[in-house]
2 protein chains.
Amino acid sequence: MHLFLLFLCVFAMSACGGKESNEEPMTKTPITAIAIHGGAGNLKKLNLTKDEEKAYKEALGSALSLGDSILQAGGSSEDAVIAVITFLEDSPLFNAGKGAVFSHDKKNELDAAIMLGKNLDCGAVTGLFRVKNPIRAAQLVMHKSEHILISGTGADQFAEEQGLEMVDPSYFFTTHRWEQLQEALKEDSISLDHDGEKQKPTAGLSNLWDDSKYGTVGCVALDQQGNLCAGTSTGGLTNKKHGRIGDTPLIGMGTYANNNSCAVSCTGRGEDFIRATVAYDISARMMYLKEDLKEATRYVIQDKLKSIKGRGGCIAVDTLGKVSLEFTTTGMFRAYRDGKGDQKVEIYK
Amino acid sequence: MHLFLLFLCVFAMSACGGKESNEEPMTKTPITAIAIHGGAGNLKKLNLTKDEEKAYKEALGSALSLGDSILQAGGSSEDAVIAVITFLEDSPLFNAGKGAVFSHDKKNELDAAIMLGKNLDCGAVTGLFRVKNPIRAAQLVMHKSEHILISGTGADQFAEEQGLEMVDPSYFFTTHRWEQLQEALKEDSISLDHDGEKQKPTAGLSNLWDDSKYGTVGCVALDQQGNLCAGTSTGGLTNKKHGRIGDTPLIGMGTYANNNSCAVSCTGRGEDFIRATVAYDISARMMYLKEDLKEATRYVIQDKLKSIKGRGGCIAVDTLGKVSLEFTTTGMFRAYRDGKGDQKVEIYK
């Protein structure tokens, strides 16, 4: 009988615990993961030049390295998201911060949001004119304000009171975005229409007309403490009117994080993302339907968003270090490094 | 054999179809339902005078009759919601339209949203200064704009272009709201703090200090075509700063409608409702967890919202004509008539 029990014990150890402990050493570093987007659009038809493609891939790669190094060193997902988005806002390549598009009133009106998965704390800003890095203003709203979403000159004032770097509105001027506005004004249209039907390459980056409409930057991250964070920043739509607010600064629409499910950042035609409650719905499907990250993002982007003719995409990460990148467009500027260490920088489908 | 078949037929008719047709005559009128709120707050401690209580109940009762008569006559849920909220906006009793509170900058900044359950179409406005009925501006955004949410002077301009009735900002001045601001300014606090600890009755309605913080009006309705609609309108928080935007104009937060689940309108501390994605989450729990309206609203308000120390409540209706009214506060101005014809006008818990 004793021999039989001994046999059972040895069998159980080899079948379960023993085997696992061989594969996963005690000293294993906690998982981290990060994903980044720089906007989705009809990128296939744009025919980026080799130089442009290289510039975008280098910027995305640098942003990825920056965020990943923070996470690998034990930094928080919040720090990684802030660093990555600040970097992308400072680049003229993306429709956020320095590269923001112009509104109908010939202004650069900037939106951003951030959310922490550990406590659902969040902050957001819309219609900033003078803050160099809108994502940092959103972060200050989260930590220093009793509000979640603030807007316009009042939001600029809050950022200034908090000591953020302010710039003259002319800082946001870039020639290619100005040319995009002129084209849009000629047609008195907001840059939502005729997706993919325009191909009017002019000098430099101004042939990114189609992309500009869905341009946004975002980052989602998982840190070694198991905490998720999501952040998004945008200049919105070229030629937008009437103080239009898109999905980016709206918690649950373009930006959401919850340690019980995932962190999500979206890019696309904001109105579609609001109607479909995209970011929160991915989280809700994981919590309520027990879908995994891939199933939830695939359903919400490829089925639900498409069913209302929505355009755009999202990046998402969960606490297992899994990463999902889904989009309905022909391309999305994106980069990731998942919990297994797989990493990629891509543009086209 | 023929006799046996005849017997079977008679048995089947009496057991199924025959019996049902006796109970539900062909001429049965389709179900309608409606619910209204005028804000939630610490109403028990306020000690409303008999006259004030009467004034609120009369206003709520009139709004209910107005909306119900539209639905009974075969009007759409959209028409009923617009009529009810317009009526409440025109009353100085509620924190919306004419009765709106003052912001820190001594302005009345108005928000509103509307959503249709049949197609998820929606429209919203934030930071209006000159539109007499913000809910009508939200309706026009839904039908006439490519955007969903517009803000500030641009939104005022849109409403004016669309032919809405504009007023001088002084139209929104009411003595009791002005006195509330003066009290708040003295303490340099936004009217979120110390819920229920203040009881500073002064003349007239100015002792509604505590209520003002959660003041909002909303209406949800089900029409004879089976279509749901939700609408909400507010002046926001007394002494709000920095262009603060609450949950009211945010689709999925303070306002949501979907014919596959329910229509919801919220009132309370907006920041809590944003963190908890209240309105959409009620819908998500019905769709994904197959909870009924009562279970979903109870969980989201009494469990989820309370778990983040959230304050406020919601009204909701489903396509069966069921109505649910949940709140964490000691009172909520409310009225309803459900699909069975039960109706009530209430203030306290």
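Letters go in sequence order (proteins before strands), and every chain restarts at 1. For clarity, every value in this text was computed on a predicted model and none was experimentally measured.
- Between B:Leu185 and B:His104, some side-chain heavy-atom pair lies under the 4.5 Å cut-off.
- Looking at heavy atoms from C-beta onward, A:Met166 lies in side-chain contact with A:Asp156 at the 4.5 angstrom threshold.
- Looking only at heavy-atom pairs under 4.5 Å with chain B, the residue among A:Thr153, A:Asp121, A:Thr126, A:Asn258 that has the most is A:Asp121.
- Salt-bridge check for A:Arg136 with A:Glu165: failed, with every basic side-chain N at 4.0 Å or more from each acidic carboxylate O.
- Taking non-hydrogen atoms and a 4.5 Å limit, the residue list of residues 297-309 of chain B in contact with chain A, ordered by number, reads B:Lys304.
- No hydrogens or angles considered: nothing links the side chains of B:Thr248 and B:Thr232 as a donor-acceptor pair under 3.5 Å.
- For the pair A:Leu128/A:Asp111, no side-chain contact is recorded, criterion being any heavy-atom separation below 4.5 Å from C-beta on.
- With respect to the salt-bridge test (charged N to carboxylate O, under 4.0 angstrom), the residues B:Glu271 and B:Arg244 qualify.
- A donor-acceptor pair shorter than 3.5 Å can be found between the side chains of B:Glu78 and B:His143.
- Looking only at side-chain heavy atoms (C-beta outward), B:His147 and A:His242 stay at 4.5 Å or farther from each other.
- Figure legend: cation-pi geometry between B:Lys107 and B:Phe102 absent, as NZ or CZ is not positioned both under 6.0 Å from the six-membered ring centre and within 45° of its axis.
- Nearest heavy-atom pair, A:Gly312 versus A:Thr329, reported as atom, atom and distance to 0.1 Å: N-CG2, 3.9 Å.
- For residues 275-294 of chain B, the interface with chain A (any heavy-atom pair closer than 4.5 Å) comprises B:Arg275, B:Thr277, B:Tyr280, B:Asp281, B:Ala284, B:Arg285, B:Tyr288, B:Leu289, sorted by residue number.
- Only the side chain of A:Leu250 comes within less than 4.5 Å of a heavy atom of chain B; its backbone N, CA, C and O stay farther away.
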